Amino acid sequence: MRKVADCRDYPSESNCTLTIAGEEEEVVRAAAEHAASVHGHENTAEFREQLRAALKDEVPQHA
């Protein structure tokens, strides 16, 4: 099952609307890199685990 990380779930000053979808490891890696470069988070193992716990299952468009 593909996973989704959506910045709209975490309002920020930048009003970021980025959504990342894919296999779990891909999403965690991309979301951590995005959070560090755009939102100033520190890309640590602990932060990546927090991201992993917050991922949602992708809802197929045809559902």
Side-chain angles (χ1 to χ4, degrees):
M1 164 102 21
R2 286 169 43 105
K3 298 292 185 175
V4 176
D6 190 337
C7 277
R8 294 172 298 178
D9 291 338
Y10 308 95
S12 65
E13 291 178 8
S14 64
N15 294 316
C16 186
T17 63
L18 182 69
T19 300
I20 301 169
E23 295 298 321
E24 184 172 315
E25 289 304 318
E26 296 171 318
V27 174
V28 169
R29 182 177 58 248
E33 290 172 2
H34 170 74
S37 67
V38 174
H39 299 292
H41 291 279
E42 196 171 335
N43 187 351
T44 64
E46 181 179 334
F47 182 67
R48 289 189 299 276
E49 286 309 309
Q50 291 173 354
L51 286 172
R52 184 182 312 281
L55 295 180
K56 297 178 180 178
D57 291 339
E58 182 178 54
V59 176
Q61 290 183 359
H62 61 279

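Since the structure is predicted, the reported quantities are computational estimates derived from the model, not experimental observations.
Qualifying side chain to side chain donor-acceptor pair (under 3.5 Å) partners for Glu23, counting only residues two or more places apart in sequence or in other chains: none. Residues meeting the side chain to side chain contact (heavy atoms under 4.5 Å, CB included) test with Asp9, sequence neighbours left out: Asp6, Lys56. Looking at residues two or more places apart in sequence or on another chain, you find a side chain to side chain contact (heavy atoms under 4.5 Å, CB included) between Ala54 and Tyr10. Among residues two or more places apart in sequence or in another chain, the side chain to side chain contact (heavy atoms under 4.5 Å, CB included) test is passed with Ser14 by Ser12, Cys16, His39. Applying the side chain to side chain contact (heavy atoms under 4.5 Å, CB included) criterion to Arg29, with sequence neighbours excluded, gives Glu26, Glu33. Scanning for side chain to side chain donor-acceptor pair (under 3.5 Å) contacts around Thr44 gives an empty result, with sequence neighbours left out. Applying the side chain to side chain donor-acceptor pair (under 3.5 Å) criterion to Glu24, with sequence neighbours excluded, gives Arg52. Remark: Asn43 pairs with Arg48 by the side chain to side chain donor-acceptor pair (under 3.5 Å) rule, at least two apart or across chains.
Side-chain contacts under 4.5 Å among hydrophobic residues (ILVMFWY), followed directly or transitively, place Met1 with no other residue at all. Other residues sharing the hydrophobic cluster of Val27, ordered by chain and number and joined by side-chain separations under 4.5 Å: Leu18, Ile20, Val28, Leu55.
Here ring-ring contact (aromatic ring centres under 6.0 Å, His included) pairs that include residues 41-61, with residues two or more places apart or in two chains, are His41-Phe47.
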